[in-house]
Amino acid sequence: MRKSLHILFSLMLFTGCREPMSVEEFVKGEGPYTFFVDMTDSTATYDFDFYTRVDAPQDSLRKMQALPLTVTWTSPSFHVFKEEVYLPMEGHLSLFSRDVRAPYRAGVRPGEWGPWQVTVRVTDPPEGLRGMGLVVARNKE
């Protein structure tokens, strides 16, 4: 019995110390929003989603189509890649808020392994924007 408990405890410790398969972070405020992404695992690909929340009157929320974003990627060796994308403003709508989550990139295999910096700027932020979030999912192959 005692040996079984020791094995069970050891297994719990082992599984509790594993790196999570996804990480999400939300940065409050007006931006720019900076995220640090660990892409050191060369045996994985990575998926990215953006999410946000806008608190405003319902008629304003219904009119929102897409949020223009400037996304800047900075590699571990400080090479910069910049792009313009649009976050579709589709998601859960309540009386005074809209929660949005949308895929951004899937199956990313970076040209350089290591810690990357992702900076997001909202080109024309709507009134009531609460911040920006990034979900990073690591896919083991």
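These values consider heavy atoms only, across backbone and side chains, with no hydrogens, waters or symmetry-generated copies. Positions are given from 1, in the same order as the sequence printed here.
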Checklist outcome for this item: Heavy-atom nearest pair, Pro68 first then Ala66, reads CD-O, 3.6 Å

Checklist entry - If we only count heavy atoms from C-beta on, is the Pro126 to Leu67 side-chain gap below 4.5 Å? => result yes

Checklist entry - Hey, any chance Phe81 and Met39 share a hydrophobic cluster, counting ILVMFWY side chains that come within less than 4.5 Å of each other, even indirectly? => result yes

Checklist entry - Should Arg105 and Tyr46 be marked as a side chain to side chain contact (heavy atoms under 4.5 Å, CB included) after you check the CA-CA gap, both sets of side-chain angles, and the distance that decides it? => result CA-CA 8 Å; Arg105 295 261 173 239; Tyr46 299 87; over 6 Å; no

Item to check | Set of residues satisfying salt bridge (Lys or Arg N to Asp or Glu O under 4.0 Å) with respect to Asp99, sequence neighbours excluded | outcome: Arg53

For residues 109-118, please give each side-chain donor-acceptor pair under 3.5 Å, one per line with the distance, not counting sequence neighbours.
from, atom 1, to, atom 2, distance (Å)
Arg109, NH2, Glu141, OE1, 2.8
Arg109, NH2, Glu141, OE2, 2.4
Glu112, OE1, Ser75, OG, 3.3
Glu112, OE1, Ser77, OG, 2.8
Glu112, OE2, Ser77, N, 2.9
Glu112, OE2, Ser77, OG, 3.1
Trp116, NE1, Glu112, O, 2.8
Gln117, NE2, Thr119, OG1, 3.3

Checklist entry - Counting only heavy atoms not in Glu30, do more than 12 fall under 6.0 Å of its CD? => result no

Next on the checklist: Ser42: which residues meet the side chain to side chain donor-acceptor pair (under 3.5 Å) condition with it, sequence neighbours left out?
Outcome noted: none

Return all side-chain donor-acceptor pairs below 3.5 angstrom for residues 86-94, not counting sequence neighbours, or 'none' if the list is empty.
from, atom 1, to, atom 2, distance (Å)
Ser94, OG, Ser97, N, 3.4
Ser94, OG, Ser97, O, 3.4
Ser94, OG, Ser97, OG, 2.9

Checklist entry - Out of curiosity, Arg101 CZ to Glu24 CD, how far, rounded to the nearest 0.5 Å? => result 6.0 Å

Item to check | Gap between atom CZ of Phe48 and atom CZ of Phe35 - 0.5 Å precision | outcome: 11.5 Å

Next on the checklist: Using the salt bridge (Lys or Arg N to Asp or Glu O under 4.0 Å) criterion, which residues pair with Glu84? Sequence neighbours excluded.
Outcome noted: none

Checklist entry - Residues in salt bridge (Lys or Arg N to Asp or Glu O under 4.0 Å) with Lys63, at least two apart? => result none

Item to check | Minimal non-hydrogen separation, Thr74 against Phe78, with atom names | outcome: CG2-CA, 3.9 Å

Next on the checklist: Run the side chain to side chain contact (heavy atoms under 4.5 Å, CB included) test against Lys82 and tell me which residues pass, sequence neighbours left out.
Outcome noted: Thr70, Thr72

Item to check | Contacts of Tyr104 that satisfy ring-ring contact (aromatic ring centres under 6.0 Å, His included) - sequence neighbours left out | outcome: Phe50

Next on the checklist: Please find the pair of heavy atoms, one from Pro125 and one from Leu129, that lie closest to each other, and give the distance.
Outcome noted: CB-CD2, 4.0 Å

Item to check | CZ-OG1 distance between Arg138 and Thr45, expressed to the nearest 0.5 angstrom | outcome: 10.5 Å

Item to check | Pairwise ring-ring contact (aromatic ring centres under 6.0 Å, His included) hits with a residue in residues 117-141, at least two apart | outcome: none

Checklist outcome for this item: Applying ring-ring contact (aromatic ring centres under 6.0 Å, His included) to Phe96 and not counting sequence neighbours gives none

Checklist entry - Rest of the hydrophobic cluster containing Phe26 (Ile/Leu/Val/Met/Phe/Trp/Tyr, side-chain heavy atoms under 4.5 Å)? => result Tyr51, Val135

Item to check | OH-OG1 distance between Tyr33 and Thr52, expressed to the nearest 0.5 angstrom | outcome: 6.5 Å

Checklist entry - Who pairs with Arg130 by salt bridge (Lys or Arg N to Asp or Glu O under 4.0 Å), at least two apart in sequence or on another chain? => result Asp55

Next on the checklist: Nearest 0.5 angstrom please: Asp49 CG to Leu134 CG, how far?
Outcome noted: 8.0 Å

